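Residues take their numbers from the sequence shown, with the count starting at 1. First listed ligand is number 1; within each ligand, the first listed atom is number 1. Just so we're clear, the structure is a prediction, and the values are computed from it rather than from any experiment.
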Amino acid sequence: MQFFLDTANVDEIRTMVSTGLVDGVTTNPSLIAQSGRDLVQTIKEICALTNGPVSAEVTATDVKGMVAEGEYLRDIADNVCVKVPLTWEGLEATHRLSEQGHPVNVTLCFSANQALLAAKAGAVYISPFIGRLDDTGANGMELIGEIRTIYDNYPELDTQILAASIRHVLHVKESAMMGADVATIPAKVLKALAQHPLTDKGLAAFMADWKSTGQSILS
Ligand code: G3P
């Protein structure tokens, strides 16, 4: 399973990439707004920090505009992946960009039928929004399972499931168990995956016992 970092914060990305645990980055217009920085400059800096795909989202809503913006974003760096919303127009833009060889991440997916359409349009990634579905009282994880089943029924559909809108560690574990190919994760959730109170307790005991020996490994 691949882990992408879901942020437009360049400093955060730099720190997290150095762990070797980050396979790519996803951004969206809200995350760019949160960063308070210029979109193109930010994407350029992020692309220099990772060899993995960096999703940059179009903001036009018509086919021609989305294709033009997608082509422009792709010129920023080789590892830009164009993010397109799952609208009727977005599906046609996905088809056109894919035909030109541009990788597309179709975002704002909330149903299995939408995911089926995105795969047929040629998307490299489909982004089902788990947390936002949970917010409405639906079960976001069921959607990941449905998409997995459908894609597995049709091996010619090679779109990868990118679990998005991940809010907590359980979302990551369940996405992995459901067979999502990728999870895009906020930095604080990614760090929380490593935490366990028994690890902390065990380490404290090891350190105390080690200190009592008076030894040092390097001297
Ligand atoms: O990748 C999309 C994701 O950032 C949306 O997350 O928490 O705003 O629903 P959220």
When distances are taken from atom 3 (C) of ligand 1, the protein heavy atom at minimum range is D6 OD2, 3.1 Å

In the protein, which heavy atom is nearest to atom 6 (O) of ligand 1, and how far is it? S165 CA, 3.4 Å

Could you list the residues that satisfy side chain to side chain donor-acceptor pair (under 3.5 Å) with E174, not counting sequence neighbours? none

Quick check on contacts: which atoms of ligand 1 are under 4.0 angstrom from a heavy atom of F129? 2 (C), 5 (C)

Is the backbone of A123 close enough, under 3.5 Å, to the side chain of T94 for a donor and an acceptor to pair up by distance? no

Side chain, backbone, both or neither: T107 near ligand 1, heavy atoms under 4.0 Å: neither

Among all protein heavy atoms, pick the one closest to atom 7 (O) of ligand 1 and tell me residue, atom and distance. R167 NE, 2.9 Å

Test: D135 and R167 ion pair at under 4.0 Å: yes

Taking the basic N atoms (NZ, or NE/NH1/NH2) and the acidic carboxylate oxygens, is any pair closer than 4.0 Å for D181 and R148? yes

4.5 Å side-chain heavy-atom contact, I185 and L5: no

Which of the ligand 1 atoms, numbered from 1, are nearer than 4.0 Å to a heavy atom of R132: 5 (C), 8 (O), 9 (O), 10 (P)

